[in-house]
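The model shown is predicted, which means the values in this text are computed figures rather than measured ones. Any value given below was found using the heavy atoms of this structure, including those in side chains, with hydrogens, waters and symmetry copies removed. For ligands, and for the atoms within them, numbers begin at 1 and follow the listed sequence.
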Amino acid sequence: MAKSKISKLTILTEFEVYQSAKDLSKKDAELLLEAQKMVKSAYAPYSNFQVGAAILMENGKIIGGNNQENAAYPSGLCAERVAIYYAGAQYPNVGIKTIAVAVKSKNVIVNEPLSPCGACRQAIAEYENKSGKPIRIIMSGEKGQIYIAKSIESLLPLMFSKKYL
Ligand code: THU
């Protein structure tokens with residue numbers, strides 16, 4: 001039988017798993033609390049799925065964001081990108097250390113960590129590449145476990161980046 005020319009590339013990805021916010025470090029718990037606060041002012045009348053994000057910058061500043069929906073659906077934006085683009089606009093030369101994400105749905109109970117959508121992963125990747133330092137991502141649901149990724153690479157392996165351009 002002819003030897004197969006196909007080999008496999010296996011990519012391992014890893015997250016820290018916390019049983020509750022009580023197990024987080026003080027700094028991470030504080031950032032998650034900020035994200036939970038931002039959930040309350042999300043503008044999500046169409047999906048009823050409110051998301052909050054809080055970003056810890058390297059200069060210690062905390063930037064909040066939440067999803068902003070629109071009657072023309074694709075014109076809306078996720079919480080993570082609202083926060084990260086604001087951070088990029090306000091502090092163009094400051095790196096991002098951590099982003100925390102929280103959620104509250106009026107339709108279901110989100111009992112697992114909310115994982116950023118593909119477009120938000122790409123946006124987070126951009127700022128990680130911009131500063132050259134990893135961005136930690138704290139993902140939480142309304143209840144249940146909390147996941148922490150050490151870098152966007154855990155969520156977006158084989159990412160497209162400036163290295164191709
Ligand atoms: N959404 C976020 O803000 N972040 C996510 O990580 C996932 C989805 C928003 C987009 C939209 O306003 C609503 O949640 C439902 O998709």
Mark up the atoms of ligand 1 that fall under 4.0 Å of a heavy atom belonging to [X], in ascending order.
X      : answer
Cys117 : 6 (O)
Glu69  : 11 (C), 12 (O), 13 (C)
Glu80  : 2 (C), 3 (O), 4 (N), 5 (C), 6 (O)
Ser47  : 13 (C), 15 (C)

Inset, instruction - Would you indicate whether the side-chain heavy atoms of Thr98 and Lys27 approach each other to under 4.5 Å? - result: no
Inset, instruction - Return yes when Pro116 approaches ligand 1 closer than 4.0 angstrom through a heavy atom, no otherwise. - result: yes
Inset, instruction - Please verify whether a non-hydrogen atom of Cys120 lies at under 4.0 Å from ligand 1. - result: no
Inset, instruction - May I ask you to check whether over 12 heavy atoms, not counting those of Glu126, lie within 6.0 Å of atom CD? - result: no
Inset, instruction - Can you establish whether the number of heavy atoms outside Lys150 located under 6.0 Å from its atom NZ is more than 12? - result: no
Legend entry - Any N or O of Leu114 closer than 3.5 Å to N or O of ligand 1: no
Legend entry - Shortest protein heavy-atom distance from atom 10 (C) of ligand 1, along with the residue and atom involved: Cys78 SG, 3.8 Å
Legend entry - Residue, atom name and distance, where the atom is the protein heavy atom closest to atom 9 (C) of ligand 1: Asn67 ND2, 3.5 Å
Legend entry - Residue pairs fulfilling side chain to side chain donor-acceptor pair (under 3.5 Å) with at least one residue in residues 151-165, sequence neighbours excluded: Glu128-Ser151
Inset, instruction - Determine yes or no for a side-chain-to-main-chain donor-acceptor pair under 3.5 angstrom, with Glu69 supplying the side chain and Gly76 the backbone. - result: no
Legend entry - Step-by-step salt bridge (charged side-chain N to carboxylate O under 4.0 Å, His left out) determination, Glu30 to Lys26: CA-CA 6 Å; Glu30 276 169 13; Lys26 194 166 173 273; 3.3 Å; yes
Legend entry - Distance flag for atom 4 (N) of ligand 1, protein heavy atom under 4.0 Å: yes
Inset, instruction - State, without any angle test, whether Asn66 and Gln68 hold a side-chain donor-acceptor pair at a distance under 3.5 Å. - result: yes
